[in-house]
Peer 1: 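I'd like to ask some things about the structure below.
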Amino acid sequence: MIVQNSIIHVRRPRDGQQNVITADGRHDAKLNTAIVIHNCSIIPTPELNQSNVKTYLGRPWKKFSRTIVMQSYMDKFIEPERWMKFNNESDVTSLYYAEFWNYGPGSNTTDRVKWPGYHALNNPDDVQDFLVKNFINENDWLSKFDVPFFPGLVK
């Protein structure tokens with residue numbers, strides 16, 4: 001799944017809960033699936049911004065979880081570590097979480113999780129597999145629809 005050119009409004013959850021924007025899981029590492037957030041703005045709604053609710057980019061729902069956030073605006077409301085475990089049994093060695101060329105007050109990767117499966121990427125070659133043109137084979141079908149998209153990197 002690719003979410004591209006969108007505004008992701010993060011709302012306040014029920015009392016006693018935290019926010020997790022993504023929760024991906026694959027039962028097989030060979031499956032060509034992931035959550036890709038590309039050229040989006042991740043911002044809080046006003047009621048979330050006035051609360052003390054912890055918000056995370058994602059958590060591994062199953063083994064082989066894969067989420068990539070690239071070229072997106074991140075506001076400062078997201079927790080500095082950005083990612084959280086689903087539970088004590090979460091396998092942080094089998095997941096693949098990556099951030100690439102994000103910007104905004106919450107984009108600094110200094111305080112991110114130190115998991116083997118987390119990657120702060122800076123080389124465009126490292127995200128080629130997750131671009132629209134490669135990940136969902138846009139030439140095969142997407143270009144036939146009247147849907148605006150970027151096949152590659154936007155900046």
Peer 1: Where the side chain of S41 meets the backbone of Y73, is there a donor-acceptor pair that is under 3.5 Å apart?
Peer 2: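 Flag not set: sc S41 to bb Y73 has no pair under 3.5 Å.
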Peer 1: Please report the interatomic distance CZ(F100) to CG(L131), rounded to the nearest 0.5 Å.
Peer 2: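 Here the rounded value is 8.0 Å.
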Peer 1: Same cluster for L121 and L153 if Ile/Leu/Val/Met/Phe/Trp/Tyr side chains link at under 4.5 Å?
Peer 2: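 L121 and L153: one cluster.
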Peer 1: Applying side-chain contact (heavy atoms from CB on, under 4.5 Å), run through Y103 and M74 and close with a yes or a no.
Peer 2: CA-CA 6 Å; Y103 60 98; M74 287 189 206; over 6 Å; no
Peer 1: Please answer whether the main-chain N or O of P105 pairs with a side-chain N or O of S107 as donor and acceptor at a distance below 3.5 Å.
Peer 2: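 No, S107 side chain to P105 backbone: no donor-acceptor pair under 3.5 Å.
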Peer 1: Is there side-chain contact between I7 and H9, with heavy atoms separated by less than 4.5 Å?
Peer 2: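 Counting from C-beta outward, I7 and H9 do come under 4.5 Å.
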Peer 1: Is there a side-chain contact between M70 and W101, using heavy atoms and a 4.5 Å cut-off?
Peer 2: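 They are not in contact (no side-chain heavy atoms under 4.5 Å apart), so the answer is no.
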Peer 1: Which value, rounded to the nearest 0.5 Å, describes the distance between I68 atom CD1 and D126 atom CG?
Peer 2: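 Spacing of CD1 (I68) from CG (D126) equals 11.5 Å.
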Peer 1: Checking D24 against F64 for the side-chain contact (heavy atoms from CB on, under 4.5 Å) test, could you report, in this order, the C-alpha distance in whole Å, the side-chain angles of both residues, the deciding distance, and whether it holds?
Peer 2: CA-CA 8 Å; D24 183 61; F64 308 117; over 6 Å; no
Peer 1: If we ignore hydrogens and angles and just use 3.5 Å, is the side chain of N19 paired with the main-chain N or O of K54 as donor and acceptor?
Peer 2: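 No, because the side chain of N19 does not come within donor-acceptor range (under 3.5 Å) of the backbone of K54.
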Peer 1: Within the distance-only criterion (no hydrogens, no angle test), does the side chain of Q17 pair as donor or acceptor with the backbone N or O of R14 below 3.5 angstrom?
Peer 2: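 It does hold such a pair.
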Peer 1: Could you measure the distance from the CD1 atom of I8 to the CG atom of L57? Nearest 0.5 Å is fine.
Peer 2: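 Spacing of CD1 (I8) from CG (L57) equals 9.0 Å.
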Peer 1: Decide whether E99 and Y118 meet the rule of one side-chain donor and one side-chain acceptor closer than 3.5 Å.
Peer 2: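 The answer is yes; a qualifying pair exists.
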Peer 1: Please report the shortest heavy-atom distance between V53 and R12, naming the atom on each side.
Peer 2: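 Where V53 meets R12 most closely, the heavy atoms are CG2-CG, 4.2 Å.
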Peer 1: Taking the side chain from R26 and the backbone from L31, do they hold a donor-acceptor pair closer than 3.5 Å?
Peer 2: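 Yes.
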Peer 1: Sub-3.5 Å donor-acceptor pair from the side chain of N87 to the main-chain atoms of S90, do we have one?
Peer 2: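 Here the side-chain-to-backbone pair exists.
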Peer 1: As an exercise, state the distance from CD1 of I136 to CE of M1, rounded to the nearest 0.5 Å.
Peer 2: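 Rounded to the nearest 0.5 Å, the CD1-CE separation comes to 11.5 Å.
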Peer 1: Could you measure the distance from the CE atom of M84 to the CD atom of E79? Nearest 0.5 Å is fine.
Peer 2: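 The CD atom of E79 is 10.0 Å from CE of M84, to the nearest 0.5 Å.
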Peer 1: When you group the ILVMFWY residues by side-chain heavy-atom contacts below 4.5 Å and let the links chain together, are F86 and L95 in the same group?
Peer 2: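 The answer is no; the residues belong to distinct hydrophobic clusters.
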Peer 1: Dump the intermediate steps for side-chain contact (heavy atoms from CB on, under 4.5 Å) on V36 and Q4, then the final yes or no.
Peer 2: CA-CA 8 Å; V36 179; Q4 189 182 71; over 6 Å; no
Peer 1: Could you state whether Y56 and V10 fall into the same hydrophobic cluster, counting links through intermediate Ile, Leu, Val, Met, Phe, Trp or Tyr residues with side-chain heavy atoms under 4.5 angstrom apart?
Peer 2: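 No, separate clusters.
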Peer 1: Taking a hydrophobic cluster as the set of Ile, Leu, Val, Met, Phe, Trp and Tyr residues connected by side-chain heavy atoms closer than 4.5 Å, whether directly or through intermediates, do V127 and V69 fall within one such cluster?
Peer 2: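 Different hydrophobic clusters.
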Peer 1: Any side-chain donor-acceptor pair under 3.5 Å between T93 and D91?
Peer 2: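 Yes, side-chain donor-acceptor contact under 3.5 Å.
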Peer 1: By side-chain hydrogen bond (donor to acceptor under 3.5 Å, both in side chains), which residues pair with S6, not counting sequence neighbours?
Peer 2: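 S6 satisfies side-chain hydrogen bond (donor to acceptor under 3.5 Å, both in side chains) with no residue once adjacent residues are dropped.
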Peer 1: Hey, does the side chain of R59 reach the backbone of V20 with a donor-acceptor pair shorter than 3.5 angstrom?
Peer 2: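 Not at all, since once roles are kept as given, no pair shorter than 3.5 Å links the two residues.
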Peer 1: Are any of the side-chain heavy atoms of I2 and F135 separated by less than 4.5 Å?
Peer 2: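 Heavy-atom side-chain distance check passes, below 4.5 Å.
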Peer 1: Looking at S72 and C40, would you say the former's side chain and the latter's main chain have a donor-acceptor pair under 3.5 Å?
Peer 2: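 Confirmed, S72 side chain pairs with C40 backbone.
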Peer 1: Students often mix this up, so state it plainly: with edges at 30° and 60°, are the rings of W115 and Y97 parallel, tilted or perpendicular?
Peer 2: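 Tilted: the ring planes of W115 and Y97 meet at 30° to 60°.
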Peer 1: Testing the 3.5 Å rule here: is there a donor-acceptor pair between the side chains of N39 and N5?
Peer 2: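 Side-chain D/A pair, N39 to N5: present.
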Peer 1: Should K114 and E81 count as an ion pair when the cut-off is N to O under 4.0 Å?
Peer 2: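 Salt bridge between K114 and E81, a charged N being under 4.0 Å from a carboxylate O: no.
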Peer 1: Do I37 and Y96 belong together in a cluster built from hydrophobic side chains that touch within less than 4.5 Å?
Peer 2: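 They do not share one cluster, since no chain of ILVMFWY contacts under 4.5 Å joins I37 to Y96.
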Peer 1: Look up atom CG in D75 and atom CD1 in I43, then write down how far apart they are to the nearest 0.5 Å.
Peer 2: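 So the gap between those two atoms works out to 7.5 Å.
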Peer 1: Does Q71 offer a backbone N or O that forms a donor-acceptor pair with the side chain of N102 under 3.5 Å?
Peer 2: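 Pair found, side chain donor or acceptor close to backbone of Q71.
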Peer 1: Heavy-atom distance under 4.5 Å between the side chains of K85 and V92, does that happen here?
Peer 2: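 A side-chain contact exists here, since the closest heavy-atom pair is under 4.5 Å.
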